[in-house]
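See below for the structure under consideration.
Each ligand, and each atom within it, is numbered from 1 in the order the structure gives. Just so it is clear, the structure is predicted and the values come from calculations on it, not from any experiment. Residue indices begin at 1 and follow the sequence shown.
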Amino acid sequence: MVLKKSWWEGAVIYQLIPRSYSDGNGDGIGDFQGLTKRLSYLRWLGIDAVWLTPVFPSPLEDGGYDITDFKNIHSELGDLSSFHRFLQSAHKFGIKVILDLVLNHTSTLHPWFQRARWAPKGSLERDVYVWSDDTNRYKAAPVLFRKFEDSNWQWDEVAGQYYFHRFLHHQPDLNFENPWVQEQILDVLDFWLARGVDGFRLDAVPFLFEAEGGRCEGLPETHAFLQKIRDRVESCGRDVLLLGEAIQPVNEAATYLKEDELHGAFNFSLTAHLFAAVAGGSNKDLYNCLKAAQDAVPGCRWAMPLRNHDELWLGDGHLVPEKIIQMITTGLHQGHGHWLNWGINRRLAPLLNGDLRANRLLNALLYSLPGMPCLYYGDELGMGDWPGLRDRDPNRTPMAWTSDRNGGFSSAPDPLLVLPPITSPGYDYRVVNVEVQKQLPGSLLNWHRRMLTCRRSLPALSQGDFEILPISHPSVIVFLRTIETMKVLVAANLSAAGASLYVDLSRWDGARTREVLWGCEYPPANSSWFIYLPSYGFSWWLIGEVEEANLNSSSTS
Ligand code: NOJ
């Protein structure tokens with residue numbers, strides 16, 4: 001029996017900020033009109049799905065994660081019709097669309113909040129948010145955005161009470177104890193499901209419910225509500241991804257990945273471990289992290305980002321051990337002047353000090369490990385950032401398309417642009433852009449495309465089982481990805497020094513081996529099979545014969 005795979009298993013997810021991606025109407029702000037025209041580029045690149053950061057009406061004090069209307073499109077991006085046209089086109093290109101949905105809170109400008117603050121204390125309307133007469137409740141819940149807030153409570157003059165906010169003070173937490181709130185959120189899901197979206201990235205899932213005495217994260221009531229969400233999604237009868245954002249250690253993030261809860265969750269612990277591995281040139285902690293993730297939830301349910309629209313979250317020792325944070329801040333990037341709340345506020349390329357070898361290596365690992373690789377817009381070019389902009393804006397600047405005015409992002413005059421395009425040395429949009437890199441065979445962009453093309457022909461990489469192979473080299477990691485009809489061996493050198501080693505392939509003694517990325521034959525498998533990897537080098541080998549049909553089949557479509 002052939003089991004039907006869900007579209008998202010092993011899918012490559014491309015995250016983009018619609019406001020910063022492509023401006024179709026010349027007002028200086030990216031929109032659906034512009035984005036729709038860029039779908040052919042995304043198809044060319046070879047990604048499977050786009051994840052759009054929030055597209056709803058919002059005062060944009062937190063990049064749209066402060067919503068005022070869950071059932072509409074921000075007027076600067078377009079309207080429900082332009083969204084519909086975008087979605088239809090994306091589907092024609094074979095690209096799935098994931099919406100970012102914020103469940104935990106709204107903007108203070110949301111009509112629900114405005115109604116709540118004027119409603120009598122204790123009334124159902126007031127009860128849509130979490131209120132208190134003092135700030136003593138939920139004391140053990142850490143303040144997440146410590147650069148901007150020093151408490152999770154904010155006094156509201158109109159209400160004459162404090163309201164609870166796990167994030168910024170203008171983002172009051174919804175009160176999920178209130179059945180009306182739950183109904184509204186389920187109704188929002190129905191609304192977008194009916195419009196045909198393929199998935200939701202659920203923002204900040206651990207924080208929905210509160211309770212005294214702990215961090216207010218991942219309470220049983222929160223899991224129960226996520227199960228209701230899953231039921232609602234199942235009832236639409238389509239294969240819709242629920243991808244949870246939980247910035248928690250892998251064993252905690254794994255608790256959301258149940259048969260009746262979320263399909264996928266981000267593995268932020270892996271993100272930190274990948275940077276630490278390159279910082280220290282050592283495989284040990286990375287091995288442990290990969291093993292922990294697979295022990296917790298085997299298969300391809302982890303979403304794996306290197307960077308996203310937030311800082312590189314390292315946390316207070318809760319997400320990853322202090323030692324991992326130190327490896328990054330001493331061996332890779334000290335973060336001086338770039339530290340935001342709990343991490344380093346930089347894009348991938350500058351975070352790696354512009355080292356293209358390390359950049360390719362980390363991306364190659366994402367493309368090889370079990371899970372959903374997440375690529376942040378512009379990182380496929382090695383785009384830079386704009387230190388000095390407010391909050392996380394340094395990482396959210398316009399996509400660089402061409403060497404023309406504003407990097408081809410918009411025809412508007414400079415002062416109207418959503419954010420300034422990058423012109424810093426080494427990252428200037430006149431050099432680092434899609435048009436230029438398409439024409440350079442050795443560019444990072446062409447490298448990504450090549451990797452994705454190759455990956456598509458190797459379904460073992462997107463769907464296969466995962467097995468770490470024991471080796472004695474401290475800087476190299478070697479693993480197998482296998483499906484019934486294909487075995488792919490992966491080796492990656494985490495250090496700047498070259499590495500030579502023997503791998504025990506006696507299980508397949510005498511089988512043909514060939515490197516697939518560069519297309520060369522290796523000696524047949526044996527018990528001490530020799531490989532050499534240059535500085536930050538990596539390779540994919542096929543072991544044994546593979547039916548041609550398998551080599552040509554697409555991995556996720
Ligand atoms: C997580 C999002 O990734 C981040 O950008 C946002 O500020 C917070 N949730 C609050 O919604």
Side-chain angles (χ1 to χ4, degrees), residues 13 15-20 51-70 74 98-110 113 129-130 141-149 152 154 163-174 176 185 188 199-208 210 215-218 222 242-248 253 256 262 264-268 271-272 303-315 318-319 340-347 374 376-377 385 389-397 419:
I13 299 176
Q15 181 197 358
L16 64 89
I17 301 182
R19 296 168 61 74
S20 295
W51 148 28
L52 311 178
T53 55
V55 295
F56 315 100
S58 157
L60 300 171
E61 287 186 77
D62 180 19
Y65 288 89
D66 44 336
I67 295 171
T68 53
D69 181 356
F70 285 98
H74 196 293
I98 302 169
L99 281 191
D100 206 324
L101 195 60
V102 186
L103 312 176
N104 180 65
H105 47 266
T106 67
S107 160
T108 43
L109 297 184
H110 195 292
F113 187 77
Y129 294 86
V130 182
V143 172
L144 296 168
F145 285 2
R146 64 170 176 176
K147 169 100 186 269
F148 305 100
E149 307 292 344
N152 286 327
Q154 176 74 24
Y163 60 83
F164 190 64
H165 60 90
R166 270 321 275 278
F167 293 92
L168 297 165
H169 66 273
H170 50 77
Q171 291 165 311
D173 276 33
L174 284 164
F176 277 84
I185 294 295
V188 167
F200 298 97
R201 180 254 189 201
L202 300 178
D203 186 69
V205 285
F207 308 112
L208 304 188
E210 295 77 31
R215 296 174 66 97
C216 290
E217 293 169 13
T222 294
L242 288 175
L243 175 59
E245 186 223 20
I247 303 206
Q248 321 284 325
Y256 300 91
L262 305 185
F266 290 93
N267 189 347
F268 291 112
T271 305
M304 306 177 292
L306 285 171
R307 293 295 295 110
N308 60 19
H309 63 296
D310 290 325
E311 64 206 90
L312 170 68
W313 193 273
L314 298 174
H318 182 64
L319 174 66
L340 196 62
N341 299 288
W342 297 101
I344 305 172
N345 200 21
R346 302 224 71 176
R347 261 192 182 267
C374 299
Y376 184 52
Y377 83 98
D385 47 29
L389 296 178
R390 75 176 266 278
D391 195 352
R392 287 149 288 172
D393 283 353
N395 317 320
R396 299 176 177 184
T397 61
L419 285 170

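Every atom of ligand 1 with a heavy atom of Asp203 under 4.0 Å away is listed here by number and element: 1 (C), 2 (C), 3 (O), 9 (N), 10 (C), 11 (O). Close contacts between ligand 1 and Phe145 involve ligand atoms 7 (O) [criterion: under 4.0 Å to a heavy atom]. The distance from ligand 1 to the heavy atoms of His105 drops below 4.0 Å at these ligand atoms: 10 (C), 11 (O). Every atom of ligand 1 is numbered from 1 in the order shown, and the set under 4.0 Å from a heavy atom of Glu245 is 1 (C), 3 (O).
Here the CG atom belonging to Asp173 is positioned 9.0 Å from the CG atom belonging to Leu208, to the nearest 0.5 angstrom.
At a heavy-atom cutoff of 4.0 Å, ligand 1 is contacted by the side chain of Arg201 but not by its backbone.
Remark: among candidates Asp62, Val205, Val102, Asn104, the nearest residue to atom 7 (O) of ligand 1 is Asp62, based on non-hydrogen atoms.
Between Phe167 and His105, the ring centre distance stays below 6.0 Å.
Aromatic ring pairs are classed by plane angle as parallel below 30°, tilted from 30° to 60° and perpendicular above 60°; the pair Phe113 and Tyr129 is perpendicular. Ring geometry, Trp51 versus Phe266: the interplanar angle falls from 30° to 60°, so the pair is classed tilted.
A donor and an acceptor atom, one from each side chain of Asp100 and Tyr65, are located under 3.5 Å apart.
For Arg346, the salt bridge (charged side-chain N to carboxylate O under 4.0 Å, His left out) partners at least two apart in sequence or on another chain are Asp385.
The shortest heavy-atom distance from Arg392 to ligand 1 is under 4.0 Å.
If you check which protein heavy atom lies closest to atom 5 (O) of ligand 1, you get Asp310 OD1, 2.7 Å.
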